[in-house]
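Counting starts at 1 for both ligands and their atoms, in listed order. Nothing fancy with the numbering, it's 1 onward along the sequence.
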Amino acid sequence: MPECHSTNSYSLQLCQQSPLAPEGTVVITDNQTAGRGQRGNTWITQPGKNLTFSILLKPAFLSVKDQFYLTVFTSLSLRDYLHHKGCSNVRIKWPNDIYVGSKKICGILIENVVSGNRFSNVVIGIGLNVNQDQFDVDTATSLRLSLNQSFDLQSELETLLAFVEARYLKLRQNDLQSMMHEYLSLMYWRGEAHMFSTNDNYFEGTITGLDENGRLKILTSSGENLFEVKEISYVR
Ligand code: BTN
C-alpha cells in the first residue's frame, strides 16, 4: 500500500476479518504513518526509504509454550540476510533488535492470536532501515550507512523473504535446539560486563544466556537474575 497506519495493525485486522487470508501474506507500505514498536514505542521511518512490512503466519504446529522460538527464527533470518549482504558484526540484542556493530538496523514486532495452546495467527512485523542516511538518534544505522550504497527496496524484500521462509521451514521441522544455539552465539553483549537498569536500580552484570522461556539471564555480584522484556534496559 502507498500508505498505511501500521502494517502490523492492518495484518491483525485482516486475519480476524478474513480467516482465509493465506499464510505467507505480506502487507507492505511505502509510508507507515503510525508504526508501532516494542514496549508501546512508536516506529518512525522516512517514507519510501526503508522496508516496513508484516508477514502473516499460521504456525499451528508450534505450542504456545515455545513462543520464544518465533523471536528466534525471525531474528536469525534477519541475521542471515544481513550477513549475506556483507554486513559484518551482526548481533541480536535480546529479544529481537538487530544490530550491526553498536547500532540498530532493524526492529521486529511479533504479535499473536492464540487459540487454546496453539497459535492461530502470528504477525511478524519488520522495520529494516535500508536507504535512510540520517537518523534522530546516533544509535541507528541502515544498509546504506553500513555498506555505502543504495538498494532497490523490492529486490531486498524478495531476498529477505527467502531467508525468512528458509528459517520458518526449519522451525516447522522442529529444529529448535540448533536455532537456539545459534541465537545464543549471536547475542549482543553476551559474556561482557555492562550496565543495565530496571525500574528502581542501575547495576553491572554479564548476560550469560536465556532460560527455557526466553527470559534473559544476567549474572551480577548477587548471583544470577532472570528478566522479562519489560523489566530491563541495556544502559552501556
Ligand atoms: C521495535 O524495535 O520496537 C520494533 C519495531 C517494529 C516496526 C515494524 S515496521 C512494520 C511493522 N508495523 C508496525 O507497526 N511495526 C512493525
Side-chain angles (χ1 to χ4, degrees), residues 1-16 21 24-57 67-68 70-79 81-82 87 90-113 121-132 135-143 145-146 151 153-154 156-161 163-164 168 183 186-189 214 216 227-234:
M1 286 176 283
E3 190 173 290
C4 175
H5 50 307
S6 152
T7 58
N8 262 42
S9 304
Y10 186 96
S11 305
L12 283 169
Q13 221 177 350
L14 177 75
C15 63
Q16 270 149 9
T25 298
V26 174
V27 174
I28 180 159
T29 185
D30 293 330
N31 183 14
Q32 185 167 249
T33 53
R36 294 187 291 108
Q38 294 171 48
R39 307 174 185 221
N41 289 329
T42 51
W43 182 257
I44 300 168
T45 58
Q46 287 174 4
K49 297 224 163 163
N50 303 307
L51 285 174
T52 45
F53 66 101
S54 302
I55 310 168
L56 174 61
L57 296 176
Q67 169 159 10
F68 189 67
L70 294 170
T71 297
V72 171
F73 104 83
T74 310
S75 304
L76 288 177
S77 62
L78 261 303
R79 185 265 170 193
Y81 163 76
L82 291 168
C87 292
V90 181
R91 290 282 174 272
I92 304 166
K93 185 175 168 193
W94 175 87
N96 52 13
D97 285 345
I98 312 299
Y99 271 55
V100 172
S102 56
K103 298 193 178 200
K104 179 166 167 173
I105 195 165
C106 176
I108 299 168
L109 179 66
I110 301 178
E111 296 180 293
N112 308 316
V113 183
N121 291 292
V122 169
V123 171
I124 309 268
I126 296 177
L128 174 69
N129 298 331
V130 180
N131 290 324
Q132 187 167 331
F135 293 92
D136 292 344
V137 290
D138 65 2
T139 49
T141 190
S142 63
L143 271 186
L145 289 176
S146 303
F151 296 89
L153 291 179
Q154 180 63 31
E156 294 317 311
L157 173 72
E158 285 167 22
T159 308
L160 172 51
L161 287 175
F163 282 102
V164 174
Y168 186 58
Y183 180 99
L186 291 164
M187 274 177 87
Y188 188 67
W189 284 8
L216 189 66
F227 297 93
E228 304 271 0
V229 183
K230 290 188 182 124
E231 292 173 343
I232 185 149
S233 302
Y234 290 51

**Complete:** In short, Ser75 meets Ile92 closest at the heavy-atom pair CB-CD1, 3.7 Å
**Asked** Could you state the interatomic distance from CG (Leu56) to OG1 (Thr7), rounded to the nearest 0.5 Å?
**Response** 11.5 Å
**Item:** Separation between CZ of Arg91 and CH2 of Trp189, rounded to the nearest 0.5 Å
**Value:** 14.0 Å
**Asked** Which pairs, with at least one residue in residues 31-57 and sequence neighbours excluded, count as a salt bridge (charged side-chain N to carboxylate O under 4.0 Å, His left out)?
**Response** Arg36-Glu111
**Item:** Donor-acceptor pair, side chain of Asn131 and main chain of Phe151, under 3.5 angstrom
**Value:** yes
**Item:** Shell of residues surrounding ligand 1, defined by a 4.0 angstrom heavy-atom cut-off that is strict
**Value:** Ser6, Thr7, Asn8, Gln32, Gly35, Arg36, Gly37, Gln38, Trp43, Thr52, Phe53, Ser54, Asp97, Lys104, Gly107, Ile108, Leu109, Gly125, Ile126, Gly127
**Item:** Parallel, tilted or perpendicular: rings of Tyr183 and Phe68 (30°, 60°)
**Value:** perpendicular
